[in-house]
Amino acid sequence: MIRQLRVQTKSRTELVDITQGVQRLVTESGIRSGVCYVYVPHTTSGITVNENTDPNVGRDILKELNKVIPFDDQYSHNEGNSAAHIKSTLVGVSKAVMVEEGRLALGTWQAIFYCEFDGPRDRRVFVKVMKD
Ligand code: ZN
């Protein structure tokens with residue numbers, strides 16, 4: 001069964017901490033031990049796991065991604081969002097997080113982020129929780 005989160009982004013590029021929403025879906029699944037698979041069904045989005053304590057970490061990640069992959073670089077794709085497609089491929093569209101005792105087994109400083117690369121948009125995140 002695929003569970004879903006909705007994410008409404010506000011900026012062109014943005015990291016949104018979705019950890020609590022994912023944990024809610026893990027709790028609703030009733031699964032105590034297994035793997036939680038988080039996936040975005042979009043071509044200009046990503047999923048990453050990183051620090052949420054200092055919001056500057058996310059800002060720096062976006063700043064450097066935007067530097068390495070500029071918004072405009074004479075791209076061939078005529079939709080005007082090639083940079084977003086490239087960032088999606090680099091970051092990846094999914095992450096697997098282990099579940100133990102009904103909780104996401106994240107490190108102290110870790111959180112799950114939805115990565116917006118072509119916002120603002122209304123997005124979906126698919127979550128599947130699999131039992132051991
Ligand atoms: Zn496009």
Side-chain angles (χ1 to χ4, degrees):
M1 166 186 189
I2 295 175
R3 298 164 197 275
Q4 278 193 50
L5 289 178
R6 308 295 298 213
V7 180
Q8 178 64 58
T9 60
K10 301 177 191 74
S11 309
R12 189 174 192 183
T13 61
E14 183 179 355
L15 297 190
V16 181
D17 185 345
I18 58 169
T19 311
Q20 287 189 346
V22 176
Q23 178 59 56
R24 177 172 49 78
L25 297 180
V26 169
T27 303
E28 283 172 16
S29 78
I31 291 170
R32 303 289 299 161
S33 182
V35 174
C36 176
Y37 199 74
V38 183
Y39 174 87
V40 275
H42 303 294
T43 60
T44 54
S45 302
I47 294 289
T48 195
V49 172
N50 216 303
E51 176 173 338
N52 69 344
T53 309
D54 180 1
N56 284 326
V57 173
R59 286 191 197 110
D60 286 345
I61 289 170
L62 288 177
K63 180 183 157 204
E64 293 305 303
L65 277 175
N66 292 339
K67 201 188 290 179
V68 173
I69 305 144
F71 288 108
D72 299 301
D73 196 18
Q74 300 178 317
Y75 297 116
S76 299
H77 178 53
N78 63 13
E79 238 186 349
N81 62 353
S82 272
H85 289 294
I86 295 164
K87 287 169 193 163
S88 175
T89 282
L90 278 184
V91 169
V93 293
S94 67
K95 281 282 181 254
V97 180
M98 287 169 264
V99 173
E100 202 52 59
E101 296 179 359
R103 307 289 306 171
L104 291 162
L106 291 164
T108 308
W109 309 105
Q110 285 183 317
I112 305 168
F113 289 92
Y114 165 81
C115 309
E116 179 61 78
F117 297 127
D118 195 26
R121 291 201 201 203
D122 185 23
R123 302 290 206 171
R124 291 178 301 158
V125 178
F126 290 170
V127 176
K128 185 178 271 287
V129 192
M130 292 159 286
K131 203 171 183 293
D132 278 357

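What you see below is based on every heavy atom in this structure, not just the backbone, and it leaves out hydrogens, waters and symmetry mates. First listed ligand is number 1; within each ligand, the first listed atom is number 1. Numbering of residues begins at 1 and proceeds along the displayed sequence.
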Please tabulate, for the side chains in residues 104-121, all donor-acceptor contacts under 3.5 angstrom to protein atoms that are two or more places apart in sequence or on a different chain.
{"unit_1": "Q110", "atom_1": "OE1", "unit_2": "G107", "atom_2": "N", "d": "2.8"}
{"unit_1": "Y114", "atom_1": "OH", "unit_2": "S45", "atom_2": "OG", "d": "2.6"}
{"unit_1": "Y114", "atom_1": "OH", "unit_2": "E116", "atom_2": "OE1", "d": "3.1"}
{"unit_1": "Y114", "atom_1": "OH", "unit_2": "R123", "atom_2": "NE", "d": "2.9"}
{"unit_1": "E116", "atom_1": "OE1", "unit_2": "T9", "atom_2": "OG1", "d": "2.9"}
{"unit_1": "E116", "atom_1": "OE1", "unit_2": "R123", "atom_2": "NE", "d": "3.0"}
{"unit_1": "E116", "atom_1": "OE2", "unit_2": "D118", "atom_2": "N", "d": "2.9"}
{"unit_1": "E116", "atom_1": "OE2", "unit_2": "G119", "atom_2": "N", "d": "3.2"}
{"unit_1": "E116", "atom_1": "OE2", "unit_2": "R123", "atom_2": "NE", "d": "3.4"}
{"unit_1": "E116", "atom_1": "OE2", "unit_2": "R123", "atom_2": "NH2", "d": "2.8"}
{"unit_1": "D118", "atom_1": "OD2", "unit_2": "N81", "atom_2": "ND2", "d": "2.9"}
{"unit_1": "D118", "atom_1": "OD2", "unit_2": "R121", "atom_2": "NH2", "d": "2.5"}
{"unit_1": "R121", "atom_1": "NE", "unit_2": "D118", "atom_2": "O", "d": "2.9"}

Checking S88 side chain against A84 main chain: does a donor-acceptor pair fall under 3.5 Å?
-> no
Does atom CG of D72 have more than 12 heavy-atom neighbours from other groups under 6.0 Å away?
-> no
Pull up every protein N/O/S atom sitting under 2.8 Å from the Zn ion (ligand 1), skipping waters.
-> H77 NE2, E79 OE1, N81 OD1, H85 NE2
Which pairs of donor and acceptor atoms, one on a side chain in residues 125-132, lie under 3.5 Å apart (sequence neighbours left out)?
{"unit_1": "D132", "atom_1": "OD1", "unit_2": "G34", "atom_2": "N", "d": "3.4"}
{"unit_1": "D132", "atom_1": "OD2", "unit_2": "S33", "atom_2": "OG", "d": "2.6"}

With L65 as partner, the option from V91, I86, T13 fulfilling side chain to side chain contact (heavy atoms under 4.5 Å, CB included) is V91
H42: ring pair (Phe, Tyr, Trp, His ring centres under 6.0 Å) partners, not counting sequence neighbours | none
